[in-house]
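Below: one structure, written as structure tokens.
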Protein chains: 2
Amino acid sequence: MKAERSLAEILRERGYRLTPQRMIVLEAVEASDHHISAEEIHTKAHARYPYMNISTVYRTLELLKELDLVAETDLGGGRLVYHPAGKAHHHHLVCRKCGKVQDIDRTVFERLRDELKDRYGFNAEFEHMGIFGTCEACRGQ
Amino acid sequence: MKAERSLAEILRERGYRLTPQRMIVLEAVEASDHHISAEEIHTKAHARYPYMNISTVYRTLELLKELDLVAETDLGGGRLVYHPAGKAHHHHLVCRKCGKVQDIDRTVFERLRDELKDRYGFNAEFEHMGIFGTCEACRGQ
DNA sequence: AATATTATTGCAATAGCTTGCATAAGCAAT
DNA sequence: ATTGCTTATGCAAGCTATTGCAATAATATT
Ligand SMILES: [Zn+2]
Ligand SMILES: [Zn+2]
Ligand SMILES: [Zn+2]
Ligand SMILES: [Zn+2]
């Protein structure tokens, strides 16, 4: 499978070890083309590999974040969700009142990104953001 | 004290009760003109009111957020920090590599706010934001 | 293939924050 | 002041996520 091969390459390049746990977690994130939580990943992974521990899931997700393979986002559901990086060409608006999660275009952050780079030399990470506020429907009460 | 009186008014208007715990938490947030964590608030409050419980601090902060009296922000220190709302005319850039927290002007989010309102009818909350990324010093390795 | 090295894992403990529930206390009416 | 109604608090338990540590297993070397 392509994902496995490229993961192996990426890990090797950076001096990390290729373990079954890491492959299983990455595959679980990539297989769900929507958002997936650590607990959901653990449940799926556990079916394939009964000794898989939830802390290994978290540690693997942390690594995959560092390698820019997954994005971690708070969408207000009480647990963080994960999304394959690069495939996340969007962000989300999260309504505090009704909880609705709306997709928006990724371009909305480009100007801000550029401004932060120009004015402060800061390289901001705006990959798959959750933006909290009030949606149109809820604003009229 | 002005803060107490206006808090009393605000609470009454909205049908909430004016309790010593609530006053103590709000005063602790306002007294620290920098960022303060729930645990720091609890420590300060406990000195004045020995029965003060940490869960009351959290519940009061939740209420003060609803009343738009305090802003809650993740600045990467492992605990959320609180800041008097309205006084927070700035945001922060948080470097993932060195942990540095830099102040930036509040105006950087205005254009984005307007665009989200215009395009999606969404009223985004950009009060005292923490933006994660890599600072200039760390980008050169 | 066997061995040595050391990163990674599983487990249990911990941290920060939230929630359920019985008791306490704020407020209004008397 | 007393009473009754209802919100808010303290306490303990629970939840998501993180961390310390000893055992395990991936890789390099022989
Ligand atoms: Zn998404
Ligand atoms: Zn809404
Ligand atoms: Zn600040
Ligand atoms: Zn830095």
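Chain identifiers are assigned alphabetically (A, B, ...) following the order of the sequence lines, protein sequences preceding nucleic acid strands; residue numbering begins at 1 within each chain.
The phosphate of dC11(C) has OP1 or OP2 within less than 4.0 Å of a side-chain N or O from N53(A). The side chain of Y58(B) contributes an N or O atom lying less than 4.0 Å from OP1 or OP2 of dC17(C).
Taking CG of L61(B) as the reference point, atom CZ of R59(B) lies at 12.0 Å (rounded to 0.5 Å).
R106(A) places a side-chain heavy atom less than 4.5 Å from the side chain of H91(A). Here the side chains of R119(A) and V108(B) are in contact, with some heavy-atom distance below 4.5 Å. For the pair Q102(B) and H92(B), the minimum side-chain heavy-atom distance is 4.5 Å or more. Proximity of L69(A) to L7(A): side-chain heavy atoms (C-beta onward) are separated by under 4.5 Å at one or more points. Residues R139(B) and K117(A) have side chains in contact (heavy-atom distance under 4.5 Å, counting atoms from C-beta outward).
Mapping T60(A) and E39(B) onto DNA chain C by nearest heavy atom places T60(A) closer to the 5' end of the strand. Between G15(B) and S55(B), it is G15(B) whose nearest contact on DNA chain D lies nearer the 5' terminus.
Closest to the T56(A) side chain, of the nucleotides dG10(C), dT9(D), dA17(D), is dG10(C).
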Using the 3.5 Å cut-off, write out each protein N or O paired with an N or O of nucleotides 23-28 of chain C and the distance between them.
residue: dG26(C); atom: N2; partner: R17(B); partner atom: NH2; Å: 2.7
residue: dG26(C); atom: N3; partner: R17(B); partner atom: NH1; Å: 3.3
residue: dG26(C); atom: N3; partner: R17(B); partner atom: NH2; Å: 3.4
residue: dC27(C); atom: OP1; partner: L18(B); partner atom: N; Å: 2.8

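Heavy atoms of R59(A) sit under 4.0 angstrom from at least one base atom. Here I54(A) lies out of heavy-atom contact (under 4.0 Å) with every strand.
One atom, CD of E72(A), and another, P of dA17(D), lie 8 Å apart when rounded to the nearest Å. Rounded to whole Å, the distance from CG on L63(A) to P on dA7(C) is 14 Å. Computed from coordinates, the L11(B) CG to dT9(D) P distance equals 10 Å when rounded to whole Å. A straight line from NE2 of H42(B) to P of dC17(C) spans 13 Å, rounded to a whole angstrom. Rounded to whole Å, the distance from CD on E62(A) to P on dT8(C) is 12 Å. The distance between atom CD1 of I41(B) and atom P of dC17(C), rounded to the nearest whole Å, is 10 Å. Per the geometry, CG belonging to L64(B) stands 14 Å off C1' belonging to dA8(D), to the nearest Å. A straight line from NE2 of H46(A) to C1' of dC11(C) spans 13 Å, rounded to a whole angstrom.
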Practice task
Kindly determine whether S37(A) and E40(A) satisfy side chain to side chain donor-acceptor pair (under 3.5 Å), including the steps that lead there.
Solution key: CA-CA 5 Å; S37(A) 70; E40(A) 288 170 315; 3.3 Å; yes
